[in-house]
Amino acid sequence: MTQQERQNEPFALTRYTPDQLKDALRKMHLIRKFETAAEDSYMRGLIHGTMHLSIGQECSAVGSCMPLAASDQITSTHRGHGHCVAKGADISRMFAEFFGKETGYCKGRGGSMHIADIAKGNLGANGIVAGGIPIAVGAALSSKRLKTGKVVLCFFGDGANNEGAFHESLNMASVWDLPVVFVCENNKYGMSTSVERSTPVKNIADRAAAYAIPGVAVDGNDFNAITEAVDRAVVRARAGQGPSLIESLTYRWRGHSKSDRNRYRTKEEINIWMSRDPIDRFRSFLVEHAVLTADEASTIESKAQKEIEDAIAFAKDSPDPQVSDIGRDVYTARPQ
Amino acid sequence: MTQQERQNEPFALTRYTPDQLKDALRKMHLIRKFETAAEDSYMRGLIHGTMHLSIGQECSAVGSCMPLAASDQITSTHRGHGHCVAKGADISRMFAEFFGKETGYCKGRGGSMHIADIAKGNLGANGIVAGGIPIAVGAALSSKRLKTGKVVLCFFGDGANNEGAFHESLNMASVWDLPVVFVCENNKYGMSTSVERSTPVKNIADRAAAYAIPGVAVDGNDFNAITEAVDRAVVRARAGQGPSLIESLTYRWRGHSKSDRNRYRTKEEINIWMSRDPIDRFRSFLVEHAVLTADEASTIESKAQKEIEDAIAFAKDSPDPQVSDIGRDVYTARPQ
Amino acid sequence: MNTHAATGTRDMAEMSYSEAIRDAMDIALENDSRVILMGEDIGVYGGAFQVTGDLVQKYGKERVMDTPISELGGAGIAVGAALTGLRPIYEFQFSDFATLAMEQIVNQAAKIRYMLGGEVSVPLVMRFPAGSGTGAAAQHSQSLEAWLAHVPGLKVVMPATPSDAKGLLLAAIEDPDPVMIFEHKLLYKIKGMVRRGFFTSPIGVAEIQRSGTDVTLVATSIMVHKSLSAAEELEKIGISCEVIDLKTIRPIDCETVFSSVKKTSRLVCVYEAVKTFGIGAEISAMVAESPAFDFLDAPILRLGGADNPIPYNSKLERASVPQVDDIVSRVADLVHGKI
Amino acid sequence: MNTHAATGTRDMAEMSYSEAIRDAMDIALENDSRVILMGEDIGVYGGAFQVTGDLVQKYGKERVMDTPISELGGAGIAVGAALTGLRPIYEFQFSDFATLAMEQIVNQAAKIRYMLGGEVSVPLVMRFPAGSGTGAAAQHSQSLEAWLAHVPGLKVVMPATPSDAKGLLLAAIEDPDPVMIFEHKLLYKIKGMVRRGFFTSPIGVAEIQRSGTDVTLVATSIMVHKSLSAAEELEKIGISCEVIDLKTIRPIDCETVFSSVKKTSRLVCVYEAVKTFGIGAEISAMVAESPAFDFLDAPILRLGGADNPIPYNSKLERASVPQVDDIVSRVADLVHGKI
Ligand SMILES: Cc1ncc(C[n+]2csc(CCOP(=O)(O)OP(=O)(O)O)c2C)c(N)n1
Ligand SMILES: Cc1ncc(C[n+]2csc(CCOP(=O)(O)OP(=O)(O)O)c2C)c(N)n1
Ligand SMILES: [Mg+2]
Ligand SMILES: [Mg+2]
């Protein structure tokens, strides 16, 4: 390949090894299947809370985390299963948490909305819209002060961009040039409220200008676009040049949560987006560019399916927390 | 005067009668003298709280209120004496409030930081930075829903522009096209923190773009500049075209409050600004354009001085609230 | 005093708690053009708990306003609107999100009238879906009413029945001062007979829901129902409970509580919020400093929430708040002198 | 238990309450590079109450960080920093502004450890200058500690003396969990002997500041001083008061209170916050449900703040919170059986 050809090559192919790309595909499948199984568990009455599924947003989650080092950190949202998988979580412990089991990531105390994976750098989903944004900035402050070199990637939704916490956090991250990448996953709705009805600017990314930081809107369902944009922001953050705002345009196929009657959008709209499945798109891309064969792709998918089934079995077999432990971890136990 | 000449004339001369302009000068003097007397009372131990003086910002307050109709409303800040005078308050009741007297605007319950003048459309100063911003938007919502035709002018400082309330309020005002004019009085510091250290954009007015509303920074010490900018925003608001953000560049001569040691700025800086006294500037402008003579201007000033002295006498002679009335007005008394 | 006591059943209809709230809002929107609803997803979505339902169809988006996700600004806009002529009813999607709006609720809504020397009032209603039991974990299950009851200038009500949900809401809308309404999410589906049309239930008045002689149970919201169930169980073992539905926690109807305690000589406070610093502390202290104190034959018992954030796991979640069994056993212990 | 009781006076220095706080922060900044200070105008300005003073000169802007006026974001950044290795001490300029940050304090800081199954901790300290008496009116004079004491996951302390201001702050910084410190603004200038160098005062331990036999006064913060003054007056008329400085209001040192009540048989709670739903309610209820209840010879009295926002006028302001005279007369009435 000539230098010239390499430059015209899609970003992901220049930056990631085939194994990394296969792993990305694997993670997308895991997310889709995790969500599908979660939904199914809910239907069958195995779950007593609600859940926020990210089906349709798999590429955004995986692509955004792709440029991160293992030691980098993320903060996530109520719609956080995908982010968690993308950052390398163990599916078994995720299901166990979802089922409220002692073997879960939060020992059954947090559930779907609070899954975290500290070892892998996922500082946690958050039940409060925009609640994780200042926390991400705080983690970036730790990185800068403690000189750990970590970059923090902060996920939030389009709805979150109208919270005061968004404004205050982006402002301070900019004032202090902190190593944080803000990824706003714009799936067109905050619950039932469309971006048009909540946010008067054309692109949420345009708001970056109010903080004098770079802002870019990209197709979050296009693996090359999202990885390239995040990569640039990560490089910038790592170099001490401060934060960036990336708007990842995507779509959620399912309702906001289980109580959603989908009255605020049309079937047609949903169908159009479903017909542009981001996982299919990524798989085709990989096959087209001979990163893998169609057969290999199928194997990845079926392995993912197996992983999911094993994880569910593990979770189901796991013990519930003991009621007598209810007060554990409210405070840190200290040697007397 | 030909059409052409009229177009080149300074804005204020085209829009306001000489009497209106003289009254504006009178108000500026009243503000300066109110603040000076307030400071003096504090020094002499007549006041037990703190205060935030707006000396140096008189033109910004008066010029901003100039385009408003009497029935229009404002919300104000901790540094609110000037806004209150500008909207037409009775100086006697202001002093009475400042002295904590029953005859004060708030019957001695609110003090300096909460002076309001509902009859004149001043919905109140506010002790919470940015606390008045959503309230102003709410008042604008009332105007729109109740079709009163009122415009609401919302004062706040540069420091306030980093509060979440600023972001949320401007966003909703824009989404709903409410008749509100946001006037950010940028006096270079939020307490000790310079705008450069708190706000990464060049002009706070640039943040208007994040809400898709007009934003303009003007010299708030230039009567023509500030009145023209606010006038345009008021016309726009009255026409149902929604909010605007105006950044009024000004400077406070005194410390933030009485506990300020002025460590965060230089004497030179203060002196430069003091040498560009906005009241002198406005007076010279009026004399130059023959709106009044130097003598008339002096008379206005000395009358203002007299008004202040009478007001202080009234306030001093006024009764304190009764301790037995302490619980009055916590709730609205209702006929049983 | 039950305001609809005098009304025949022809004027009554069975409805759920959430239908009763919707009915009240419908009546208010119909009767008073100053009334508006504000909140997140209360329009076409019908509200996170389907309380506003289809009201947007009937009254339009200008009166049933979806807000962006901006609780501080939204609450503040409601305050400003109330100050200037509208009568907003602001819905928090979950009461937990009130944590974002405490500034406007506490520093502004509660204090403006007083700070301004009585020149204005803030006729604002806020609705807070509260409580645990939905598996939504620690950030969506809190009961924070004690915070607001600590704030002079606010009124705080906690209707337990569909009838009160409607009557207290209509009273709140009529009230010139800010009224905060805590609605337990698990109550939305309970049914009850509710008077048709306009009526109000008085703010600040408690109601004895069951008469008894051995012990007074003062309960709020969902705990009224649990206490009534417990009282039935306790009757079987010979313990006669008087159950008071407090209804308003600011201002508290002390007299109803005092009289009952004077009669029964034992007091138990039942509430879902974290026990420490909750409503039970206030009721207990109020009695302990009153003449009713002399009538007490036993310590005052508080049955409140456990001292932990609400956990996700459903067994732990249930164990975090008083259940009927807990009430039965603790009250029995108290009456039997074991406490 | 006074941790410096055993120390000779050579190791002691007289300092003001605010100097003691600054000293603690200085020591912590010196000893532990993870410690940072955050807040509005805490740098070159030295803090609104001059508590941080010149620390920025010594440690630089990276460790003594002026924040923009953004309490929610600032608090949240402190939470995130605490979660990931720093030990932030966040100063609210006035405790009233905590109303803007309740989301991060209550939903995040207090709950993260529990929600995450104990995988992390949040070693965060927050300082809240609180209380009235400065003529700053309703939005700058509140005492909101009861709110935070209602929240599992937080610890809440209220030092009354320079020594405790230092010792409890150093204990808070060492603590792995979030500790909220309420400092009464009128205490900043009081002086007292304070041990030099590093020491901690135990969180959760109350102290009897004066022994007595007729009545127990449980007080917090500035009310400890007012109660001690009242006790002197009361002694003159033959009433012997035991004065307990509660120091920590979450968790409360119940045993110290119970033992005292068993001895004196009378209990008065003295605090500045609005009486209703304040710390007095909790103390009263805690005693009323304990075995100490049987020892009580009189109703439990609460002397707390009036049921109104703090007014500006200084006479009204004074009348809004308990003063020494009020304590003297109400305690005398109680002991004389007039209540
Ligand atoms: C502070 C706060 N307000 C409201 C909610 C309720 N809520 C949960 S998710 C959601 C919509 C969020 O929209 P967005 O940020 O776009 O994320 P998405 O659900 O689309 O992924 C709302 C309103 C909440 N959890 N927290
Ligand atoms: C929410 C809140 N945070 C902090 C303060 C303390 N405070 C009062 S005024 C002020 C500075 C405000 O700066 P700016 O908005 O620029 O107004 P200016 O004082 O310059 O007129 C601060 C920090 C406050 N009153 N409210
Ligand atoms: Mg969305
Ligand atoms: Mg300023």
Side-chain angles (χ1 to χ4, degrees), chain B residues 47-51 78 97-102 104 106-114 126-131 157-166 189-195 197-200 256-257 259-265 320-331, chain D residues 39-50 52-54 56-57 61 65-76 93-94 96-97 99-101 103-104 132-142 185 188 274 305-321:
Chain B
I47 299 302
H48 96 122
T50 186
M51 74 190 77
H78 58 285
E97 188 55 37
F98 193 57
F99 289 171
K101 300 303 180 75
E102 185 72 27
C106 308
K107 309 201 177 82
R109 271 68 172 179
S112 165
M113 245 185 310
H114 301 292
N126 209 306
I128 302 297
V129 168
D158 49 285
N161 106 94
N162 295 313
E163 283 282 7
F166 164 89
Y189 300 92
M191 211 156 155
S192 69
T193 306
S194 67
V195 175
R197 293 201 299 132
S198 75
T199 310
H256 166 72
S257 69
S259 63
D260 189 342
R261 297 171 301 166
N262 271 318
R263 290 221 175 153
Y264 49 88
R265 56 181 188 175
D320 265 326
Q322 303 278 339
V323 171
S324 56
D325 282 338
I326 198 168
R328 193 187 63 200
D329 297 325
V330 178
Y331 297 99
Chain D
E40 292 160 15
D41 308 290
I42 64 167
V44 61
Y45 197 93
F49 297 97
Q50 296 301 319
T52 42
D54 287 340
V56 71
Q57 259 90 301
K61 288 182 191 171
M65 295 175 70
D66 272 338
T67 65
I69 311 176
S70 310
E71 288 80 6
L72 175 61
Q93 205 162 82
F94 284 73
D96 311 72
F97 313 152
T99 49
L100 285 159
E103 195 292 283
Q104 284 291 330
S132 66
T134 65
Q139 294 177 335
H140 286 71
S141 305
Q142 293 169 90
K185 283 163 266 174
Y188 283 132
V274 170
D307 225 356
N308 53 259
I310 300 290
Y312 171 68
N313 175 280
S314 60
K315 283 180 205 155
L316 298 192
E317 185 185 25
R318 274 180 59 81
S320 297
V321 302

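Below, chains carry the letters A, B, ... as their sequence lines are ordered, and counting in each starts from 1. Keep in mind the model is a prediction, meaning the values are calculated, not measured.
When heavy atoms are compared at a cutoff of 4.5 Å, D:S320 approaches chain B by way of both its backbone and its side chain. Interface residue D:Q50: only side-chain heavy atoms are found under 4.5 Å from chain B. For D:T134, the part lying under 4.5 angstrom from a heavy atom of chain B is the backbone only. In this structure, chain D has a heavy atom under 4.5 Å from the side chain of B:V129, while its backbone stays farther away. Neither the backbone nor the side chain of B:D325 comes within contact range of chain D, judged by heavy atoms closer than 4.5 Å. If you measure heavy-atom distances from B:E102 to chain D, you find no contacts under 4.5 Å at all. Of the two parts of D:L72, neither the backbone nor the side chain holds a non-hydrogen atom closer than 4.5 Å to a non-hydrogen atom of chain B.
Residues D:Q139 and B:N126 are in side-chain contact: their nearest non-hydrogen atoms beyond the backbone lie under 4.5 Å apart.
Counting heavy-atom pairs under 4.5 Å between each of B:V330, B:T193, B:D260 and chain D puts B:D260 at the top. Note: B:F98 leads B:Y331, B:F99, B:F98 in heavy-atom pairs under 4.5 Å with chain D. Per-residue heavy-atom pair counts under 4.5 Å with chain D were compared for B:I326, B:N162, B:V323, and the maximum is reached by B:I326. For the set B:S192, B:G327, B:S198, B:G49, the entry with the most heavy-atom pairs within less than 4.5 Å of chain D is B:S192. Of the listed residues (D:Q93, D:H140, D:E40, D:K315), the greatest number of heavy-atom pairs within a distance under 4.5 Å of chain B belongs to D:H140.
Atom-to-atom distance recorded for B:I47:CD1 and D:Y312:OH is 4.5 Å, nearest 0.5 angstrom. In this structure, B:D320 CG and D:L316 CG are separated by 7.5 Å, a value rounded to the nearest 0.5 Å. Rounded to the nearest 0.5 angstrom, B:K101 NZ and D:N313 CG are separated by 9.0 Å. Distance CZ/B:R263 to CG/D:D41: 13.5 Å, rounded to 0.5 Å. In this structure, D:I69 CD1 and B:T199 OG1 are separated by 9.0 Å, a value rounded to the nearest 0.5 Å.
Ring planes of B:H256 and D:Y45: perpendicular class, angle over 60° (limits at 30 and 60°).
No more than 12 heavy atoms of other residues, nucleotides or ligands lie within 6.0 Å of CZ in D:R318, so this atom counts as exposed by the packing criterion.
In terms of the side chain to side chain donor-acceptor pair (under 3.5 Å) criterion, D:S314 has no residue partners (sequence neighbours excluded).
Pairing each heavy atom of B:S259 with each of D:A48, the nearest pair is OG-O, 4.2 Å.
Residues of residues 106-114 of chain B having a heavy atom under 4.5 Å from any heavy atom of chain D, listed by number: B:G108, B:R109, B:G110, B:G111, B:S112, B:M113, B:H114.
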